[in-house]
Amino acid sequence: MHDIRSIRDNPQAFDAALARRGLDGMSAQILDLDKQKRELQTEAESLRAERKRLSACFGQLAGQGQGHTEEALSFKTASVDVAQKLSDVESRLEAHQDLEDLLAAIPNLPAADVPEGADEHANVEVSRWGTPRNFDFAPQDHADFGPALGLDFESAAAMSGARFAALRGGMARLHRALAQFMLDTQTGQNGYEEVNPPLLVRDATLYGTGQLPKFEDDLFWTTKRFSKSELADKFYSDFVRKVGEGWDMEKMRNFFKDQAEETFKEIPDPIDRLWLIPTAEVSLTNLVREQIVADATLPLRFTALTPCFRSEAGSAGRDTRGFIRQHQFEKVELVSICRPEDSAAEHEHMLTSAEGILQALGLPYRKMLLCTGDMGFSAAKTYDLEVWLPSQNCYREISSVSNCGEFQARRMNARYRPEGEKGTRFLHTLNGSGLAVGRTLVAVLENYQQADGSVIVPEILAPYMGGIKQLTPR
RNA sequence: GGAGAGGUGGCAGAGUGGUCGAAUGCGCCGCACUCGAAAUGCGGUUUACGGGCAACCGUAACGUGGGUUCGAAUCCCACCCUCUCCGCCA
């Protein structure tokens, strides 16, 4: 969410920043709506003040038993008159909810040092770590040799469809070992507090981190308590109430037309539906929503191992084979809530925390600074970590680490009270993967594969593997 | 899921239609008293938005959203949340 006052103060800067994201300037439209809204607000407030005054005058007389005198009634009549004008202004003011909606749909402004570009081709490589291994055989795709090691796509597809997998035996163990190792490292070495958060969340929660209102197509939702019989009851009672007992076909047709619209508006009822989190960033960041956090406790560093659910509506056809892009996957997420002046340093710390995992596993990777066109909605600055995948002969995203500035904090109303200052300020929020467990599994499989189709388990995972040193084809 | 109780300022807790943004107590801040501290006394102590150079003024907020009314913390409806008991369940 953007601060309307900063747009008022410097509309050119706002438009210039949007332009870097490849968006048209919007300040003129915003300021116009803002001006209209404020005028109406001032008008409504003075009408309310007037009504309050008249009503108090009447009340005073009525309290003295003079409620029926001519004087009293004149106050009453005048008050009704003002109330009428007020409701008029209020309904016009309501139409200016548009301004909120408009602002809520505008992405965060890129930080000054973010390179400009339209898509991932303009991302800038910052550094590389490790050297891709030299294979004395042609490295295989994990989707090809994985099934013999317990990566079961077929059974999963039979019960859940495409983009699901079941991990079995040593494969499941390796996946769990990776997750435990990551979590232990983030809590034990990097100062993150382990959290086991809700996986189902409300609309407002997703609005807070920026997934709503714009990206609901990427999400799964479920209902908390909605049944077909409830819907049927509602249909029937509405039918009788609106149409009556007769059989007027014209009325019936109109009824069903209206009713269909009304019903579909109500099924995804914001009160009754819950969304499956697409990332634990949502749950962890919202831990401070609507709070004033004590200055002394900052920064708050959270980590969680959770399943993530994504419908990937916009990416049909991409990575359809293999374990790279699933509707359900696990991820160890990192979130930091901090003071504005600390967020750049927290960003670095978070990167170090994520990179440490790749280094410990001996997986070659590179660090990319995303350009303006490739960043997510809420981010002001993002680094991606890309891991080497021998079968694809390229680096693929395995972690994304973003500084969101105060963008999410505004949407969540998350603040802190700086030591020695009177008021409150918005916090800064950061999030990053540390790491995506599924993709790390893929990277381990491919980078540690042997000519005979087996995979050697990285040394660092030994404490988690119960003696298994190698996955062998069955 | 059933029955009941309840949601008021940092906390506790009054307030059932008319200067109630809200008594009182605790906490917190300042001042006085004191060699110092405690105790005591006095004063202050919410947030958001709008207007104004400013002092300041106005409006809104008593879980949330509607409604009734000239006027709602107070009455009505729906929802959310908390607590107690019962049932069910990993």
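Here is the naming used below: chain letters follow the sequence lines, and residue numbers restart at 1 for every chain. All values below were derived from every heavy atom in this structure, side-chain atoms included, with hydrogens, water molecules and symmetry-related copies excluded.
- For the residue pair D88(A) and Q84(A), no side-chain donor N or O sits within less than 3.5 Å of a side-chain acceptor on the partner.
- Here the separation of rG44(B) from rC62(B), taken at their P atoms, is 25 Å to the nearest Å.
- Nucleotide rU74(B): unpaired (no Watson-Crick or G-U wobble partner with both distances less than 3.5 Å).
- Following rounding to the nearest Å, E43(A) (CD) and rC49(B) (C1') show an atom-to-atom distance of 17 Å.
- Ring-plane geometry between F309(A) and F220(A) is classed as perpendicular, the angle between the planes exceeding 60 degrees on a 0 to 90 degree scale with a lower cut at 30.
- Remark: rC28(B) base-pairs with rG44(B). Criterion, Watson-Crick or G-U wobble with two distances under 3.5 Å.
- Nucleotide rA39(B) has no partner under the Watson-Crick or G-U criteria, as no pair reaches both atom distances under 3.5 Å.
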Contacts under 3.5 Å, N or O only, protein and nucleotides 54-58 of chain B:
residue: rG58(B); atom: N2; partner: E45(A); partner atom: OE1; Å: 3.1
residue: rG58(B); atom: N2; partner: E45(A); partner atom: OE2; Å: 3.3

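- A donor and an acceptor atom, one from each side chain of S378(A) and N108(A), are nowhere located under 3.5 Å apart.
- Between the P atoms of rG65(B) and rC80(B), the separation comes to 15 Å (whole Å).
- N413(A) has its CG atom 18 Å from the P atom of rA61(B), to the nearest Å.
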All N/O pairs under 3.5 Å across the protein-nucleotides 68-72 of chain B interface:
residue: rC70(B); atom: O2'; partner: S79(A); partner atom: OG; Å: 2.3
residue: rC70(B); atom: O2; partner: S55(A); partner atom: OG; Å: 3.1
residue: rG71(B); atom: O4'; partner: S55(A); partner atom: OG; Å: 2.8

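- When the C1' atom is used for both rA23(B) and rG13(B), the distance is 10 Å, rounded to whole Å.
- For the pair K37(A) NZ and rU59(B) P, the interatomic distance rounds to 18 Å; values are reported in whole Å.
- Atom CD of E90(A) and atom C1' of rG50(B) are 15 Å apart (whole Å).
- Side chains of S155(A) and D152(A): a donor-acceptor N/O pair is present below 3.5 angstrom, by distance only.
- The listed nucleotides are rU47(B), rU59(B), rC81(B); the one nearest the side chain of R415(A) is rU47(B).
- For the residue pair Q408(A)/T429(A), the side-chain donor-acceptor check at 3.5 Å is satisfied.
- The P atoms of rA61(B) and rG2(B) are separated by 33 Å, rounded to the nearest whole Å.
- rC75(B) and rG15(B) have their C1' atoms separated by 16 Å, with the value rounded to a whole Å.
- Nucleotide rU16(B) forms a pair with no other nucleotide shown, judged by Watson-Crick or G-U wobble geometry with both contacts under 3.5 Å.
- Remark: rC49(B) base-pairs with rG58(B); criterion is Watson-Crick or G-U wobble with both hydrogen-bond distances under 3.5 Å.
- Taking atom C1' in both rG25(B) and rA72(B), the straight-line distance is 27 Å, to the nearest Å.
- Between the C1' atoms of rG9(B) and rG67(B), the separation comes to 27 Å (whole Å).
- Taking atom P in both rG21(B) and rU46(B), one finds a spacing of 15 Å when rounded to whole Å.
- Across all strands shown, rC89(B) remains unpaired; no Watson-Crick or G-U wobble contact has both distances below 3.5 Å.
- At the heavy-atom level, R8(A) lies under 4.0 Å from the strands shown only through sugar-phosphate atoms.
- Residues F323(A) and F329(A) place their aromatic rings such that the two centres sit no closer than 6.0 Å.
- With a 3.5 Å ceiling on both atom-pair distances, rC33(B) lacks any Watson-Crick or G-U wobble partner.
- Side chain of E290(A) to backbone of N286(A): no donor-acceptor contact under 3.5 angstrom is found.
- For the pair E290(A) CD and rA48(B) P, the interatomic distance rounds to 14 Å; values are reported in whole Å.
- Straight-line distance from the CZ atom of R410(A) to the C1' atom of rC49(B): 14 Å, rounded to whole Å.
- Separating the CZ atom of R38(A) from the P atom of rC49(B) is a distance of 12 Å, rounded to the nearest angstrom.
- Among the atoms of the strands shown, only primed sugar atoms or phosphate atoms (P, OP1, OP2) are found under 4.0 Å from some heavy atom of R5(A).
- For the 3.5 Å distance criterion, the side chains of K381(A) and S402(A) fail to qualify, holding no donor opposite an acceptor.
- Nearest-nucleotide assignment on RNA chain B puts the 5′-proximal partner with Q60(A), out of K52(A) and Q60(A).
- With 3.5 Å as the limit, one finds a donor-acceptor pair spanning the side chains of E346(A) and S336(A).
- Rounded to whole Å, atom C1' of rU64(B) lies 13 Å from atom CZ of R289(A).
- Ring-centre distance between F407(A) and H428(A): not below the 6.0 Å cut-off.
- rA3(B) is paired with rU84(B) under the criterion used here, namely a Watson-Crick or G-U wobble arrangement in which both key atom distances are under 3.5 Å.
- The aromatic ring centroids of F377(A) and F215(A) lie less than 6.0 Å from each other.
- By the 6.0 Å and 45° rule, R176(A) does not stack over the aromatic ring of Y464(A).
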